[in-house]
2 protein chains.
Amino acid sequence: MREHAPLELEHFLPYRLSIASNTISQSIAREYQQRYGLGVTEWRVIAVLARYDGEGLSAREVAERTATDKVTVSRALARLVAAGRVRKRIHHGDRRRSVLALSAKGWAIHDAVAPRARAHEAALLARLDAHERVCLARILDKLTEAGRAPR
Amino acid sequence: MREHAPLELEHFLPYRLSIASNTISQSIAREYQQRYGLGVTEWRVIAVLARYDGEGLSAREVAERTATDKVTVSRALARLVAAGRVRKRIHHGDRRRSVLALSAKGWAIHDAVAPRARAHEAALLARLDAHERVCLARILDKLTEAGRAPR
DNA sequence: GCAGTATAGTTTCACATGCAACCATTTGCA
DNA sequence: TGCAAATGGTTGCATGTGAAACTATACTGC
């Protein structure tokens with residue numbers, strides 16, 4: 001016996017995915033982490049508020065669109081508001097809801113960071129050929145879907 | 001003006017990778033998180049110790065092979081040792097080094113969890129066709145490499 | 001109208017993580 | 001030999017996170 005059939009971590013898909021994701025996220029996060037004192041979550045919130053500018057998103061909607069826990073978003077927002085990067089009003093007609101928007105400061109950060117993030121992404125994609133890029137998009141869709149509905 | 005060119009998070013590679021990775025890791029981790037009180041790091045440590053059974057790995061080597069910070073590994077090991085899942089000796093000839101091995105309890109957990117992890121991975125891969133599987137492996141190699149050496 | 005329930009958001013707690021500082025031991029080299 | 005640098009590993013601190021509980025507001029059916 002002793003047929004333990006050990007798992008070969010380095011060929012295990014979830015593990016490799018996690019390594020790739022962390023390595024890449026880290027390498028991009030360095031761009032704004034120190035320079036703007038911005039965490040990953042905060043950056044994502046800013047990106048979403050920029051993207052849906054004028055729609056006055058609520059915190060819940062931001063949480064949805066960043067695929068992030070509402071608690072995490074709440075705290076990221078608190079930091080952003082305290083730093084004057086996000087303006088927060090109360091919804092007319094539903095006083096539970098907040099109505100969020102980037103301030104000038106928030107826009108400045110977005111406009112500084114977005115091109116860098118895009119450049120970083122481009123550098124990554126440059127390593128793949130056209131076919132691989134298409135394939136990757138399809139694969140990520142399938143895998144994310146699979147993780148969401150595991151049974 | 002107002003050419004803010006907002007980043008479209010949902011098409012941004014690092015973001016999508018992170019979502020896919022987290023979703024999948026979470027869905028697998030549920031398998032052992034509650035049942036065995038095992039964190040992701042702890043599971044990885046167990047997997048590596050199983051894989052390199054008999055080699056008496058040191059903590060540093062485990063950290064290397066799990067691509068995890070040495071502090072994180074040190075603490076995971078402390079928990080595993082405290083739970084009687086890992087046996088820890090001191091290296092003859094270099095008393096800084098630890099010599100690690102799974103205990104019977106540790107093996108039991110490995111033998112229970114490994115098949116489930118494998119089954120989960122199989123379910124994921126089942127969503128991809130043969131070509132996509134090959135492509136994915138190549139892509140992950142390239143991306144991880146790209147993240148590691150960004151400059 | 002009003003009780004019961006749902007929803008937006010915050011707070012509390014418990015914990016995992018990373019960085020830096022830290023011991024102990026070993027190694028390199030003058 | 002002896003002392004500085006390197007290495008294995010742990011600990012303190014500051015932070016970010018998720019789960020569950022909680023507050024405040026809005027909705028629903030009677």
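Quick caveat, the model's predicted, so the values are computed rather than measured. In what follows, chains carry the letters A, B, and so on, assigned in the order in which the sequence lines appear, proteins first and then strands, with residues in each chain numbered from 1.
Shown here are the ring-ring contact (aromatic ring centres under 6.0 Å, His included) partners of A:H131, two or more places apart in sequence or in another chain: B:H131. B:Y32 pairs by the ring-ring contact (aromatic ring centres under 6.0 Å, His included) definition with B:W43, not counting sequence neighbours. Qualifying side-chain hydrogen bond (donor to acceptor under 3.5 Å, both in side chains) partners for B:E55, counting only residues two or more places apart in sequence or in other chains: none. A:E8 pairs by the side-chain hydrogen bond (donor to acceptor under 3.5 Å, both in side chains) definition with A:H11, not counting sequence neighbours. Residues satisfying the side-chain hydrogen bond (donor to acceptor under 3.5 Å, both in side chains) test with B:R51, not counting sequence neighbours, are A:E10.
Counting to the nearest Å, the C1' atom of D:dT11 and the CG atom of B:L77 are 15 Å from each other. Between B:H92 atom NE2 and D:dG8 atom C1' there is a gap of 17 Å when expressed in whole angstrom units.
Side-chain atoms of B:P6 and A:H110, non-hydrogen and from C-beta on, do get closer than 4.5 Å to each other. No side-chain heavy atom of B:V40 sits under 4.5 Å from any side-chain heavy atom of B:I28. Contact of the A:L124 side chain with the A:I24 side chain is registered, since non-hydrogen atoms from C-beta on lie closer than 4.5 Å.
Applying the 4.0 Å criterion to OP1 and OP2 of D:dT10, one finds that B:S74 has a side-chain N or O inside that range. A sub-4.0 Å separation between OP1 or OP2 of D:dT17 and a side-chain N or O of A:T41 is present.
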As a quick check of understanding, evaluate side chain to side chain contact (heavy atoms under 4.5 Å, CB included) for A:R97 and A:I90, giving each step before the final call. CA-CA 6 Å; A:R97 270 197 177 77; A:I90 287 181; over 6 Å; no
Assess the residue pair A:L17 and A:S21 against the criterion (side chain to side chain contact (heavy atoms under 4.5 Å, CB included)); give the C-alpha distance rounded to whole Å, side-chain angles, the decisive distance to 0.1 Å, and a yes or no. CA-CA 6 Å; A:L17 212 49; A:S21 172; 6.0 Å; no
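Between its two ends, the helix from C:dG1-D:dC30 to C:dA30-D:dT1 turns its axis by 20°, counting five pairs per end and rounding to 10 degrees.
Sorted by first and then second residue, the side chain to side chain donor-acceptor pair (under 3.5 Å) pairs with a member in residues 61-75 of chain B read B:S58-B:E61, B:R60-B:E64, B:T66-B:T68; sequence neighbours excluded.
Checking side-chain atoms of A:R89 against main-chain N and O of A:S98 turns up no donor-acceptor pair under 3.5 Å. With hydrogens and angles disregarded, no donor-acceptor distance shorter than 3.5 Å links the side chain of B:T23 to the backbone of A:T144. A donor-acceptor pair is defined here as one N or O able to donate and one able to accept, closer than 3.5 Å; such a pair exists between the side chain of A:E121 and the backbone of B:L13. Side-chain atoms of A:R133 come within 3.5 Å of backbone N or O of A:L125 as a donor-acceptor pair.
Side-chain polar atoms of A:R30 and A:S25 form no donor-acceptor pair below 3.5 angstrom.
Contact detail for B:V81 and B:K88: the closest heavy-atom pair is CG2-CB, 4.1 Å.
Checked for salt-bridge contact, B:K142 and A:E132 meet the test: a charged N lies under 4.0 Å from a carboxylate O.
Within residues 56-70 of chain B, the residues having any heavy atom under 4.0 Å from DNA chain D are, by residue number, B:S58, B:A59, B:R60, B:K70. Remark: nothing in residues 42-51 of chain B comes within less than 4.0 Å of DNA chain C through any heavy atom. At a non-hydrogen distance threshold of 4.0 Å, nothing from residues 81-89 of chain A comes into contact with DNA chain D.
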Dump every N/O contact between nucleotides 12-15 of chain D and the protein below 3.5 Å, one line per pair.
| from | atom 1 | to | atom 2 | distance (Å) |
| --- | --- | --- | --- | --- |
| D:dG12 | O6 | B:R75 | NH1 | 3.3 |
| D:dG12 | O6 | B:R75 | NH2 | 3.4 |

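Along DNA chain C, the stretch of nucleotides lying under 4.0 Å from any heavy atom of chain B spans, 5' to 3', C:dA16 to C:dT26.
Toward the 5′ end of DNA chain D lies the nearest nucleotide of B:D94, the other residue of the pair A:A76 and B:D94 mapping further downstream.
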